[in-house]
2 protein chains.
Amino acid sequence: THKPPVKNHTYSNRGMSLEEELNETNQYYLANNMACVHKKPTPLQIVKVDYPQRSAAVIREAYFKQPATTDYNGVYKGKYIDFEAKETQNKTSFPLQNFHPHQIHHMEQVLGHGGIAFVIIRFAQQDEVYLLEAEHVIAYWNKQMAGERKSIPKREIEEKGHRIETGYHPRIRYLDILDTLYFS
Amino acid sequence: THKPPVKNHTYSNRGMSLEEELNETNQYYLANNMACVHKKPTPLQIVKVDYPQRSAAVIREAYFKQPATTDYNGVYKGKYIDFEAKETQNKTSFPLQNFHPHQIHHMEQVLGHGGIAFVIIRFAQQDEVYLLEAEHVIAYWNKQMAGERKSIPKREIEEKGHRIETGYHPRIRYLDILDTLYFS
Ligand SMILES: [Mg+2]
Ligand SMILES: [Mg+2]
């Protein structure tokens, strides 16, 4: 469905989470035959299900589980792509505690099998979105494990990462960055 | 952890669903650095969550949603792979109603973007497992839509598909088939 364009793109995501914007972006990419990328459902431990007569099963007790992987994956130009999206209210750095250890481990495995792995980070206060390749994230993580700083300075994300153009449709044009990095 | 070998492999899956066997297989492939493939969590529509003090959030009302994609995906030798697993009690054919239309559509999209898509079908009565490339599944689906038969004859799956060796560890060696089809 057609929606009116929004003039000021810093307004366009008011109230939309990064996840919602990425879901819209992926729908756009899918509908325009550019890539096939989906968010994985939230993993839940289901404990109790009711099966009422003549209506749908109802889950009555379930718990959130730690995800074993990142949130998004799919195929772009024949390659496997895999990423995690994270938003921070911090202005000057991105806290590494936003990652679960198994997400880092998963990104290492994806790279090991020849896939493309990265994170998409939004600094919400400035409304700036960056793509940072998993190689860098893993390096910062390992340094943290060795006792170094527990966050990635924003200025290093600006240097090593890639600012993603944000707009209205699609909202977060991350394929443009992948084209430059992996397909040119 | 080491488990004793099972002599008769037709006994080894007693009580295990195809999904459980594939999860074990994927764990084996992951642990042995052969591929990185995961089952996607079951998609749920969460309606009500309780946040009790000092304990984990409890989902009190949720419903099963239709999955938008297939169940499994990941990366193998740099390529995107994607598949759906289905089991049937039928002896002579596989009913196409086991697929949701959007799963077929998803497989078409994966192929369109250069990924590898297929289904793994188990005929439970004979304990035979086949890999059938998505191209064939889509062709049968389209023929059904055009008024032809609503199932794939087992003998055609035997001809066009590929019998997967089943064993104890890993249980369903589907990478062997992919090697022959796509990497040789
Ligand atoms: Mg996440
Ligand atoms: Mg399924």
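None of the values given here were measured: they were computed from a predicted structure. Convention: sequence-line order gives letters A, B, ...; per-chain numbering from 1.
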Residue part contacting chain B, namely of [X], when any heavy atom lies under 4.5 Å:
X: A:H38; result: side chain
X: A:I46; result: side chain
X: A:V49; result: side chain
X: A:D82; result: neither

Once the angle between the rings of B:F83 and B:F118 is folded into 0 to 90°, is it parallel (under 30°), tilted (30 to 60°) or perpendicular (over 60°)?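 Rings of B:F83 and B:F118: parallel, under 30°.
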Measure the acute angle between the ring planes of B:Y80 and A:Y80, then classify it against the limits of 30° and 60° as parallel, tilted or perpendicular.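 Judged by the thresholds at 30° and 60°, the geometry between B:Y80 and A:Y80 is parallel.
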Cation over ring face, B:K154 and B:F123, 6.0 Å, 45°: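 Here B:K154 passes the 6.0 Å and 45° test against B:F123.
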Centre of A:Y76's six-membered ring, under 6.0 Å away, within 45 degrees of the axis: is that where NZ or CZ of A:K79 sits?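 No.
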Answer yes if the side chains of A:E24 and A:H169 hold a donor-acceptor pair under 3.5 Å, and no otherwise.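 Absent: no donor and acceptor within the cut-off.
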Can you tell me which of A:V47, A:I116, A:L44, A:V110 forms the most heavy-atom pairs within a distance under 4.5 Å of chain B?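 Heavy-atom pair counts peak at A:L44.
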Can the ring centroids of A:F94 and A:F99 be said to lie less than 6.0 angstrom from one another?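 Ring centres of A:F99 and A:F94 closer than 6.0 Å.
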Heavy atoms only, distances under 4.5 angstrom: which of B:A62, B:G114, B:G78 has the most pairs with chain A? Name it, please. B:A62
Option in B:K48, B:R60, B:M34 with maximal non-hydrogen atom pairs under 4.5 Å from chain A: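 Maximum pair count with chain A is reached by B:R60.
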Using heavy-atom distances under 4.5 Å, tell me whether B:D50 contacts chain A through its side chain, its backbone, both, or neither.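 For B:D50, there is no contact with chain A at all, as no heavy atom is under 4.5 Å.
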